[in-house]
Amino acid sequence: MIDYISIKDTLNKLESEYNASIDIQLTILYSKLAVLEFCGWIETNVDDMLFSYIDSHVCTNDCSKKIKAIIKKNHGFSYENNLFPMLCSTLGINNLENIIDKIPIGDFQNFQSITDVYSIERNKAAHTDTPVGTTKRYNAPSRVLSDYKLIIPAIKIIESEVANL
């Protein structure tokens, strides 16, 4: 089961620290950390949801190992490039279509666009340093928290539907 509380608490804490800081460097770091935490939460929970599905639905150890290896080799969560192929490979296209049909179009569009945008943002944040005096920009923790709230409806439906397969 996905833990929605811990990430929300983390993002709220980062937002508080961001708002209280008068040090520009620290606000950049709080923003960067919020992006990284949110993205890590998405990746970890999608992987865990699929591993649970595999453990309860795949009978042969060989097939289980192979599909888990595909998931472990995945290093991103862009809907188009990572999530769709991974969900399709694990759940099957028919099951995935049925799940998508249950997500209201606006919620699904939020899920797609937010995962695509944050996949790029995460790579930018994870593969760069933040030297003193830089003016790098990341979404503020309040924006990350807002985007988190926008993707929750789709994730909850996906989680519920996968559990019911």
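All values reported here derive from a predicted model rather than from experimental measurement. Every heavy atom of this structure was used, including side-chain atoms; hydrogens, water molecules and symmetry mates were not.
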Can you check whether F38 and Y118 have ring centres sitting under 6.0 Å from each other?
-> yes
I28 and L14: same hydrophobic cluster, using ILVMFWY side-chain contacts below 4.5 Å?
-> no
Taking all non-hydrogen atoms of both residues into account, name the closest pair between Y30 and P141 and its distance.
-> O-CG, 3.9 Å
Taking C-beta and beyond as the side chain, do T10 and K13 meet within less than 4.5 Å on heavy atoms?
-> no
Step-by-step side chain to side chain contact (heavy atoms under 4.5 Å, CB included) determination, S16 to N12 | CA-CA 6 Å; S16 294; N12 280 326; 5.6 Å; no
Same apolar cluster (I L V M F W Y, side chains within < 4.5 Å links), L36/W41 | no
S113 side chain to Q109 main-chain N or O, any donor-acceptor pair under 3.5 Å?
-> yes
To the nearest 0.5 angstrom, please state how far the OG1 atom of T90 sits from the NE2 atom of H57.
-> 12.0 Å
What closest approach, in Å, do A154 and I103 show between heavy atoms, and which atom pair accounts for it?
-> CB-CG2, 4.0 Å
Derivation and outcome, side chain to side chain contact (heavy atoms under 4.5 Å, CB included), residues V46 and I71 = CA-CA 10 Å; V46 169; I71 295 168; over 6 Å; no
Between K72 and F51, does a side chain to side chain contact (heavy atoms under 4.5 Å, CB included) hold up when you go through it step by step?
-> CA-CA 10 Å; K72 287 177 186 174; F51 288 147; 3.9 Å; yes
Side-chain donor-acceptor pair under 3.5 Å between E37 and Y148, yes or no?
-> no
May I have the step-by-step check of side chain to side chain contact (heavy atoms under 4.5 Å, CB included) for N82 and E43, ending in yes or no?
-> CA-CA 10 Å; N82 305 97; E43 278 194 275; over 6 Å; no
Cluster link L26 to Y18, ILVMFWY, side chain under 4.5 Å | yes
Between G76 and R122 the two heavy atoms that sit nearest each other are CA-NH2, 3.7 Å
Does any non-hydrogen side-chain atom of L96 lie less than 4.5 Å from one of F84?
-> yes
Nearest atoms (heavy-atom pairs only) where K102 meets I157 = O-CD1, 3.8 Å
Under 3.5 Å donor-acceptor, S146 side chain and S142 backbone | no
Within a reach of under 6.0 Å around NZ of K8, are more than 12 heavy atoms found that belong to other residues, nucleotides or ligands?
-> no
Using the rule that two of Ile, Leu, Val, Met, Phe, Trp, Tyr join whenever any of their side-chain heavy atoms come within less than 4.5 Å, decide whether L33 and I120 are in one cluster.
-> no
Close side-chain approach of M86 and L91, heavy atoms under 4.5 Å | no
Group every Ile, Leu, Val, Met, Phe, Trp and Tyr by side-chain heavy-atom contacts under 4.5 Å, then state whether L165 and L83 land in the same group.
-> yes
Would a 4.5 Å heavy-atom cut-off, applied to side chains only, mark I54 and S64 as touching?
-> yes
Sub-4.5 Å side-chain heavy-atom contact between F111 and D116 | no
Residues which pass side-chain hydrogen bond (donor to acceptor under 3.5 Å, both in side chains) with K65, listed by chain and number, not counting sequence neighbours = none
Shortest non-hydrogen separation from I2 to E159 and the atoms involved = N-OE2, 2.7 Å
N-O pairing of R143 and D147 below 4.0 Å | yes
Donor + acceptor pair across side chains of D3, S6 (<3.5 Å) = yes
Is any NZ, NE, NH1 or NH2 atom of the basic residue among D107 and K156 found under 4.0 Å from an Asp or Glu carboxylate oxygen of the other?
-> no
Please examine the side chains of I99 and V162, heavy atoms only from C-beta on, and report whether any two atoms are closer than 4.5 Å.
-> yes
Should the pair K124 and Y138 be classed as cation-pi, given the thresholds of under 6.0 Å to the six-membered ring centre and 45° from the axis?
-> yes
Nearest-0.5 Å distance, CG of residue N110 to NZ of residue K149 = 14.0 Å
Minimum heavy-atom separation for L11 to A34, with atom names?
-> CD2-O, 3.7 Å
